[in-house]
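Okay, structure first, notes after.
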2 protein chains.
Amino acid sequence: MPDTKVPDKKAPVSSLVKALRVLDSFSLEQPEQGVTEIAERLGIHKSTVYNILTTCEAMGYVQQDPHTRRYRLGLHILRLGQVVREGMDLRRVVVPVMERVRDYYREAVHFAVELNGQVVYLETVQPLERSVASLAVGKSAYMHCTGVGKAILAHMSPERMHAVISEQGMAQYTQNTITDLAELEIELEKIRRQGYAVDNMEYEWGIRCIAVPIRNEIGVVHASMSISGPSERLPLEAIAEMAQPLMHFGADISKRFGWLR
Amino acid sequence: MPDTKVPDKKAPVSSLVKALRVLDSFSLEQPEQGVTEIAERLGIHKSTVYNILTTCEAMGYVQQDPHTRRYRLGLHILRLGQVVREGMDLRRVVVPVMERVRDYYREAVHFAVELNGQVVYLETVQPLERSVASLAVGKSAYMHCTGVGKAILAHMSPERMHAVISEQGMAQYTQNTITDLAELEIELEKIRRQGYAVDNMEYEWGIRCIAVPIRNEIGVVHASMSISGPSERLPLEAIAEMAQPLMHFGADISKRFGWLR
DNA sequence: TCATATGTTCAATATCAATGAACAATATCG
DNA sequence: CGATATTGTTCATTGATATTGAACATATGA
């Protein structure tokens, strides 16, 4: 919910900032919103929000429910999302390796990057058997409670890491979720030392993940790959050993990332 | 490419219209663009486009390649796309039926709607075996050469159908692609008569599809479901018979669409 | 049925988005 | 390798227009 942020860089067109903030205010928790609802949350005047929504509707970016008169995001955005995915060339580079990982572990494989203090899953490769831990591409999640998130957090500057946590908070999802900052810092230090992150049922009960950082051409970590599956198939005692091949696969992707910025 | 359209409805915030047109100008064919390139295509001044892009970048909607200084759509849009998909509740309603279709035919199943004269694939269900006709959710395609497209076209008003074709053209993809309007009209009449549409390798050589229209609560067709697979598994002689169960599955979805607007 | 809330319209004004010219940095060509 | 064209970027000015508040219409709920 605290996803509506004022831009830090210079943004010359302030009316556009408002409009994009309106679009941003739609989320999985709030997929359908009314005019006044948005206006109050963002502190923008009602008529302004109305004008923005009307314009966005004419362009296919939102659509209004004729019955409730409330608004939701429009189909047009799906097309843009597709352009993002195809354009990144991620699939060509990352997916082949992910499939090797899937074949090796026979578990679901995820690839995620950081975006505005959260992780966004860009690619998913499911095991051939029907999987328990299905996950949609494009989904975003908090960083403190996911394997991919912690793997990326661990390689941020301490300032940036603190900024992310203080901005996003540390919501508790399960009894294993780390909700204490000091504890998280110890965990991140451990991740840096061993080279992989473990999500020990911290986000979804019964699901464990192992995640490794992915580096770009100047060595900066801003992506992560993970395998995830039911806790019986990823017992805690086995994880240290299971993580080793995954780290090699991760290094392989990093190697292919000359082009990635 | 002719996707950049001026809105027909009233759009009070003209600066926002420009900005959204800039975002729209990114496509699968043009995923990366320069400032002047966009400015010239849209007839907007260079500095204006620059300001729009800078603002969008600050908000995460586009990102600039530090080397080429050109722009591409940003990751933020993926998150919005996810909100669209989840919010539609399509998955809950449509996917279960699609899975039944997949299990029945053992072929890839697609669900698409019309958007601005093209079809957008909203859901895909792959057969358990590795599929030949893989297709990404969010992808858009022309209507005259796809099964789902023709199924929807066939149930539009003649005026709207002609508007779509004259706007989008009839690009030739294979030697089977229908590129003549009169021929297309005969084909659409046939589709209305028999209740299903056939894509006989008109989009991709070697791939056939059978598509059925999906109706909403007032009987308007604005979606379609198809099965697609290699031509050997969908021989022309068998299609009429294969289409019958698919029409029932389609009717089933239409029935569940009391809620869809 | 009345009262409250929510979406919508509209005219007026101050804001700020658009503009064009100039600069810097890169790419292209001779 | 140097000259030229091209592209991204800056900035001050100004005329268009986004914003605003108040009023209306419609829907919701007691």
Side-chain angles (χ1 to χ4, degrees), chain A residues 4 6-26 30-74 87 259 261, chain B residues 4 6-26 30-74 87 259 261:
Chain A
T4 325
V6 184
D8 14 64
K9 296 176 190 175
K10 58 182 173 181
V13 191
S14 61
S15 76
L16 179 53
V17 172
K18 286 200 199 78
L20 297 183
R21 290 215 299 145
V22 168
L23 288 180
D24 280 350
S25 72
F26 292 90
Q30 309 266 349
E32 197 177 88
Q33 295 178 288
V35 173
T36 35
E37 192 179 348
I38 299 175
E40 280 173 2
R41 182 175 313 145
L42 302 186
I44 305 178
H45 282 265
K46 196 169 59 161
S47 304
T48 303
V49 172
Y50 176 75
N51 283 334
I52 290 172
L53 287 173
T54 306
T55 307
C56 286
E57 186 178 25
M59 299 292 289
Y61 279 73
V62 304
Q63 54 194 52
Q64 185 180 34
D65 186 315
H67 299 99
T68 67
R69 323 216 92 179
R70 305 178 77 199
Y71 292 84
R72 37 179 64 237
L73 291 176
W259 62 271
R261 298 163 281 273
Chain B
T4 326
V6 184
D8 13 67
K9 296 176 191 176
K10 58 182 174 183
V13 190
S14 63
S15 76
L16 179 53
V17 172
K18 286 202 199 78
L20 297 183
R21 290 215 300 145
V22 168
L23 288 180
D24 279 351
S25 72
F26 293 90
Q30 309 267 349
E32 196 177 89
Q33 295 178 290
V35 174
T36 36
E37 191 179 350
I38 300 175
E40 280 173 3
R41 181 174 313 144
L42 301 186
I44 306 178
H45 282 266
K46 196 169 61 163
S47 304
T48 304
V49 172
Y50 176 75
N51 282 333
I52 290 172
L53 287 174
T54 307
T55 307
C56 286
E57 186 179 25
M59 299 292 288
Y61 279 72
V62 303
Q63 53 194 49
Q64 186 179 33
D65 185 315
H67 299 101
T68 67
R69 323 212 94 182
R70 305 179 75 199
Y71 292 84
R72 36 177 65 239
L73 291 176
W259 62 270
R261 295 164 280 275

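A note on names: the letters A, B, ... follow the listed sequences, proteins ahead of strands, and every chain is numbered from 1. Remember, predicted model here, so these are calculated numbers, not experimental data. Below, each value reflects all heavy atoms present in this structure, side chains not excepted, and no hydrogens, waters or symmetry copies.
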Would you call [X] and [Y] a side-chain contact if the rule is heavy atoms closer than 4.5 Å?
| X | Y | value |
| --- | --- | --- |
| B:Val49 | B:Ile52 | no |
| B:Asp24 | A:Met59 | yes |
| B:Arg21 | B:Ile44 | yes |

Restricting to nitrogen or oxygen on both sides, can you table the protein-nucleotides 15-18 of chain C pairs closer than 3.5 Å?
{"unit_1": "C:dA17", "atom_1": "OP1", "unit_2": "A:Ser14", "atom_2": "OG", "d": "2.8"}
{"unit_1": "C:dA17", "atom_1": "OP1", "unit_2": "A:Ser15", "atom_2": "N", "d": "3.2"}
{"unit_1": "C:dA17", "atom_1": "OP2", "unit_2": "A:Pro12", "atom_2": "O", "d": "2.8"}
{"unit_1": "C:dA17", "atom_1": "OP2", "unit_2": "A:Ser14", "atom_2": "N", "d": "2.8"}
{"unit_1": "C:dA17", "atom_1": "OP2", "unit_2": "A:Ser14", "atom_2": "OG", "d": "3.4"}
{"unit_1": "C:dA18", "atom_1": "OP1", "unit_2": "B:Lys18", "atom_2": "NZ", "d": "3.0"}

**OP:** Write down the distance between CZ (A:Arg21) and C1' (D:dA18), rounded to a whole number of angstrom.
**Re:**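 For the pair A:Arg21 CZ and D:dA18 C1', the rounded distance is 16 Å.
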Original post:
Taking atom C1' of C:dT8 as reference, at what distance in whole Å does atom CG of A:Leu53 sit?
Top reply: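 Spelled out: CG on A:Leu53 to C1' on C:dT8 is 12 Å.
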Original post:
Does a donor on one side chain sit under 3.5 Å from an acceptor on the other, for A:Ser25 and A:Gln30?
Top reply: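 Absent: no donor and acceptor within the cut-off.
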Subject >> Matching residue for B:Tyr50 among B:Val35, B:Thr36, B:Ile38 - test: side-chain contact (heavy atoms from CB on, under 4.5 Å) >> reply: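 It is B:Val35; the other options fail the test.
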Subject >> Residues B:Glu40 and B:Lys46 bridged, charged N to O under 4.0 Å >> reply: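 Salt bridge flag = no for B:Lys46 with B:Glu40.
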Subject >> Check: A:Tyr71 main-chain N/O paired with A:Gln64 side-chain donor or acceptor under 3.5 Å >> reply: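 A pair under 3.5 Å: no.
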**OP:** May I ask you to verify whether the side chain of B:Ser47 and the base of D:dT9 hold a donor-acceptor pair under 3.5 Å?
**Re:**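 No, the side chain and the base share no sub-3.5 Å donor-acceptor pair.
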**OP:** Any chance you could lay out the side chain to side chain contact (heavy atoms under 4.5 Å, CB included) test for A:Arg72 and A:Gln33, step after step, and finish with the verdict?
**Re:** CA-CA 7 Å; A:Arg72 37 179 64 237; A:Gln33 295 178 288; over 6 Å; no
Original post:
Hey, mind stepping through B:Cys56 and B:Leu23 against side chain to side chain contact (heavy atoms under 4.5 Å, CB included) and telling me if it holds?
Top reply: CA-CA 9 Å; B:Cys56 286; B:Leu23 288 180; 4.2 Å; yes
Heteroatom pairs (N/O) under 3.5 angstrom, protein to nucleotides 4-7 of chain C:
{"unit_1": "C:dG7", "atom_1": "OP1", "unit_2": "A:Val35", "atom_2": "N", "d": "2.8"}
{"unit_1": "C:dG7", "atom_1": "OP2", "unit_2": "A:Val35", "atom_2": "N", "d": "3.4"}
{"unit_1": "C:dG7", "atom_1": "OP2", "unit_2": "A:Thr36", "atom_2": "N", "d": "2.8"}
{"unit_1": "C:dG7", "atom_1": "OP2", "unit_2": "A:Thr36", "atom_2": "OG1", "d": "2.6"}
{"unit_1": "C:dG7", "atom_1": "O6", "unit_2": "A:Lys46", "atom_2": "NZ", "d": "3.3"}

**OP:** Find the bend of the helix from C:dT1-D:dA30 to C:dG30-D:dC1 as the angle between its two terminal axes (five pairs each), to the nearest 10°.
**Re:**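 Between the axes fitted at each end of the helix from C:dT1-D:dA30 to C:dG30-D:dC1 lies an angle of 60°.
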**OP:** To the nearest 0.5 Å, tell me how far A:Leu73 CG sits from A:Tyr61 OH.
**Re:**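 Output value for this atom pair is 11.5 Å.
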